[in-house]
Amino acid sequence: MEISENVSKIKYAIRDILISAREVEKKGKKLYFFNIGDPNKYDFDTPQFLKDALVEAISVDKANYYSESIGDIELRTEIVRRQKRLWGTDLDLDKILVTAGVSEAISMISGSMAPGTEVLVPSPVYPSYLSYFTFHDIKGIEYKTQETLDWQPDVEDIRKKISPKTRAILIINPNNPTGAVYSPKKVKEITDVAGEHNLLVISDEIYDLLTYGGSYKSTASLTDVPVLELNGISKTLLSPGWRLGWANLRDEEDKYAQLWDAMSKQSRIRLCANSPIQKAVAKIINNNMDFLIGVNKKLKERATYFAKRINEMEGLSAQIPQGAFYSFPRIDLPIDDTDFILRVLKETGVVFVFGSGFGTLGKQHFRSVVLPEIRMMEEALNHVESFVRKLS
Ligand SMILES: Cc1ncc(COP(=O)(O)O)c(C=O)c1O
């Protein structure tokens, strides 16, 4: 069988690095994982009230059926409530599409746009976007985010990159891979540019409740231009393995009805998102979320510690993350980022991800999660420090 050429273009550095890591592990080296944004692999756990709601959904509510393709109405109603309660935005119940994680929503958006369409994406960028786009012959055109300004987006660069083929601007806020929280002023400036040029704003807000610096606001609360929002439970409800997310379109003039139809069609061919999980999430998504105070406190401590240690190393530097759970340090050493990460892996067992896997501006950087306990970070970063000392 001939294989689609587009498949050969798929890359996902965050998991691809694991292949090399397993080789190193086979040789008996202890590994320290700093590569995957999964809090549940560290000392974070899904809240008990969500676990209980799932047991009830399966056994008492018997939600073991196929649900509507667009998503269970109960969950969509609760998502409308959530967004109103948290960010004051008004969503349309029929413009919420429940998916198997934000990843499936990214796949559906990419599968809906005509080949050759250009979408402006922040650089560095969460790599799924570039891979899904390439897979569907969509062009992800990277716009700069400014490292020395806490990785805030460069709005002038967005303007410069707009072409007759541009149809959308992607915002990822709080940001993966940089840990930035975009200022409401910057977000508003981006949405104004989108308004001037008749572009859709795609706003990935999967980390919306994980902030410990900056002042986060949901994009749709800052503008009237059409916004396709992406969100889910993987990160803020500490349940990445449950695979539940959603897309919602806030589009008062119905400019993007065709895009919505195209996404809805794709939702029908995969039948539905996981029904018991939808039922469970509907029950709790508007609960008190005070457990996140503790989560954000831990993240802040760990993010600050990580950046401090990196900044003490000759040839490395890092901004202090303000949200999500990533840091994106810069490498000013005579070695490229891929070699650096592979050598760190082989010599110290620490698994980071090379920055060039996150787009052009990712070069000479690497991405690390700031999820591990300080004790483990200390041990791993001591090894990295000794390694870097030999290099510089
Ligand atoms: C910015 C961003 N969007 C989307 C995703 C995928 O999320 P999900 O687990 O909902 O598919 C991730 C996961 O790391 C992410 O960082």
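Keep in mind the model is a prediction, meaning the values are calculated, not measured. Reckoned from all heavy atoms, side chains included, excluding hydrogens, waters and symmetry mates.
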> Is NZ or CZ of K298 both nearer than 6.0 Å to the six-membered ring centre of F44 and within 45° of the ring axis?
Replying inline: yes

Taking atom [atom1] of [X] as the centre, report whether more than 12 heavy atoms of other residues, nucleotides or ligands fall under 6.0 Å from it.
X	atom1	value
Q146	CD	yes
K346	NZ	no
K144	NZ	no
Q48	CD	yes
K51	NZ	yes
Y65	OH	yes
I320	CD1	no

> So, F325 versus Y207, ring centres under 6.0 angstrom or not?
Replying inline: yes

> How would you list, by chain and number, every residue that makes a salt bridge (Lys or Arg N to Asp or Glu O under 4.0 Å) with K160, sequence neighbours excluded?
Replying inline: none

Do you see a donor-acceptor pair shorter than 3.5 Å between the side chains of [X] and [Y]?
X	Y	answer
N231	D208	yes
S264	D261	no
N198	R167	no

>> Here's a test for you: under side-chain contact (heavy atoms from CB on, under 4.5 Å), which of N35, V24, I36 qualifies with V351?
In response: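 The residue from N35, V24, I36 that satisfies side-chain contact (heavy atoms from CB on, under 4.5 Å) with V351 turns out to be N35.
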
>> According to side chain to side chain contact (heavy atoms under 4.5 Å, CB included), who are the partners of K95, at least two apart in sequence or on a separate chain?
In response: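 For K95 the side chain to side chain contact (heavy atoms under 4.5 Å, CB included) partners, ignoring immediate neighbours, are D92, L249, D254, W260.
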
Roughly how far, to the nearest 0.5 Å, is the [atom2] atom of [Y] from the [atom1] atom of [X]?
X	Y	atom1	atom2	answer
E56	K279	CD	NZ	9.5 Å
T145	D157	OG1	CG	9.5 Å
T178	F328	OG1	CZ	8.0 Å

>> Once ring pair (Phe, Tyr, Trp, His ring centres under 6.0 Å) is applied, do any residues pair with Y126, and if so which ones, sequence neighbours excluded?
In response: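 By the ring pair (Phe, Tyr, Trp, His ring centres under 6.0 Å) rule, Y126 matches no residue at all.
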
> Ignoring hydrogens and geometry, is there a side-chain-to-backbone donor-acceptor pair from N64 to S275 under 3.5 Å?
Replying inline: no

>> Looking at M108, is its backbone amide N or carbonyl O close enough to the side chain of S112 to form a donor-acceptor pair, meaning the two atoms are under 3.5 Å apart?
In response: yes

> Going through the distances and angles, do V388 and V384 end up as a side-chain contact (heavy atoms from CB on, under 4.5 Å)?
Replying inline: CA-CA 6 Å; V388 168; V384 175; 4.1 Å; yes

> Taking NZ, NE, NH1 and NH2 as the nitrogens, is one of them in D337 or R367 under 4.0 Å from a carboxylate oxygen of the other?
Replying inline: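 R367 and D337: not salt-bridged.
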
>> Consider salt bridge (Lys or Arg N to Asp or Glu O under 4.0 Å). Of R82, R81, R76, which one does E78 pass it with?
In response: R81

